[in-house]
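What follows is a single structure, written as structure tokens, with notes after it.
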Amino acid sequence: MHRRYGRHMAIITIANSKGGVGKSTVAVHLAAWLHEQGHNVTLADCDTQQSSSEWIREAIPEVRAVRLENPDHILNELPGLAADSDYVIADGPGSQTETSRALLLRADLAIVPCKASMLEVRALAKATEVLRQAQDIRGGIPEAVIVLSMVGKRYRLTQDMKDAATALHLPLAKIPMTLRQIYADAPGQGEVVWRMGSKARDAGNEVRSLFREILPQAARRSSSKKKR
Ligand SMILES: Nc1ncnc2c1ncn2[C@@H]1O[C@H](COP(=O)(O)OP(=O)(O)OP(=O)(O)O)[C@@H](O)[C@H]1O
Ligand SMILES: [Mg+2]
């Protein structure tokens, strides 16, 4: 994961050509977390449904939210947004290949949420085809990491799943996002889970630990000690 540990991951896209895998959930929570770590964050909503920009405006109005409506806008606007922010989090669409391609040609890091059922070589290869094309063109960039999404509390990562990720040179984050009602409730309440009270505590801890795992360089030292 941290092959280019020293490189600043300014543009982070949440990418998976499958719909409904948790991309917007990851995008909004990551933007909120980075903001809370003291960074200047822009959320680029590149999905025509525009759900993540509305959600982040309600949850964390201090995060700048912009909508990039087509591949040309994405290619043209992302560098300028990155120059004005510490991090740009780009939420991708579920199915529009050209939009995903534009994002992956500009991103430094791609976070790929996957349901456990997708961790099988052929499904995973299909879901990440455009990612591999971009990495091939750009000499390995964007770096990518798979995040297991919506897994049952008792799930276990099987050797087959690990092998599928390894076969495609995709590292897998150790911490998964489990299937919890609180994640599904968060957008309707315009909130991120760690601000939703005691019933959301486990979800809040899980998702913040996940972000510290993926982006240790972005975590505030003191807060990462306190919350562990
Ligand atoms: N860990 C989770 N547990 C329970 N529900 C979840 C979880 N993550 C996401 N959801 C819910 O699943 C649905 C799909 O999630 P989300 O919108 O984040 O996916 P997406 O990949 O952005 O979808 P799309 O491709 O349509 O943009 C939403 O209703 C969301 O609230
Ligand atoms: Mg979405």
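All values below come from the heavy atoms of this structure, side chains included, with hydrogens, waters and symmetry mates left out. Just follow the structure's listing: the first ligand is 1, and inside any ligand the first atom is 1.
- The salt bridge (Lys or Arg N to Asp or Glu O under 4.0 Å) search around E206 returns R180, not counting sequence neighbours.
- Using a 4.0 Å cut-off to heavy atoms of V21, the atoms of ligand 1 that qualify are 19 (O), 20 (P), 21 (O).
- Around the Mg ion (ligand 2), the protein atoms of type N, O or S found under 2.8 Å away are S24 OG, listed by chain and number.
- Short contacts between ligand 1 and D47, defined as distances under 4.0 Å to a heavy atom of the residue, involve ligand atoms 27 (O).
- Taking every non-hydrogen atom of G94 and a distance limit under 4.0 Å, the qualifying atoms of ligand 1 come out as 25 (O).
- In this structure, the side chains of R132 and H169 stay at 4.5 Å or more apart for every pair of heavy atoms.
- Close approach of ligand 1 to T178 is summarised as follows: ligand atoms under 4.0 Å from at least one heavy atom of the residue are 1 (N), 2 (C), 3 (N).
- Counting only heavy atoms of the protein, atom 18 (O) of ligand 1 lies nearest to T25 OG1, 2.6 Å.
- Within the 4.0 Å cut-off (strictly below), a protein heavy atom is located near atom 9 (C) of ligand 1.
- The closest approach between any non-hydrogen atom of G20 and ligand 1 is below 4.0 Å.
- Below 4.0 Å from some heavy atom of M150 lie the following atoms of ligand 1, by number and element: 1 (N), 2 (C), 7 (C), 8 (N), 9 (C), 10 (N), 12 (O).
- You'll find the side chain of N16 stays beyond 4.5 Å of the side chain of K115, heavy atoms only.
- Y183 CB, 3.9 Å is the protein heavy atom nearest to atom 6 (C) of ligand 1.
- Here the CG atom belonging to D45 is positioned 7.0 Å from the OG atom belonging to S24, to the nearest 0.5 angstrom.
- Remark: minimum distance from atom 20 (P) of ligand 1 to any protein heavy atom is reached at K23 N, 3.4 Å.
- Panel note: side chain H8, backbone D86; a donor-acceptor pair is recorded below 3.5 Å.
- The atoms of ligand 1 that sit less than 4.0 Å from any heavy atom of L179 are 3 (N), 4 (C).
- Residues passing the salt bridge (Lys or Arg N to Asp or Glu O under 4.0 Å) test with R67, sequence neighbours excluded: E54.
- Regarding atom 3 (N) of ligand 1, its nearest protein heavy-atom neighbour is R180 N, 3.0 Å.
- Atoms of ligand 1 found under 4.0 Å from any heavy atom of G22 (numbered from 1 in listed order, with element): 15 (O), 16 (P), 18 (O), 19 (O), 20 (P), 21 (O).
- Looking only at heavy atoms of the protein, atom 17 (O) of ligand 1 is closest to S24 CB, 4.1 Å.
- By the side-chain hydrogen bond (donor to acceptor under 3.5 Å, both in side chains) test, T99 is found to be paired with no residue, residues two or more places apart in sequence or in another chain being considered.
- Contact atoms of ligand 1 toward G19: 25 (O) (distance under 4.0 Å to a heavy atom of the residue).
- Residue contact check for ligand 1: I14 places no non-hydrogen atom closer than 4.0 Å to it.
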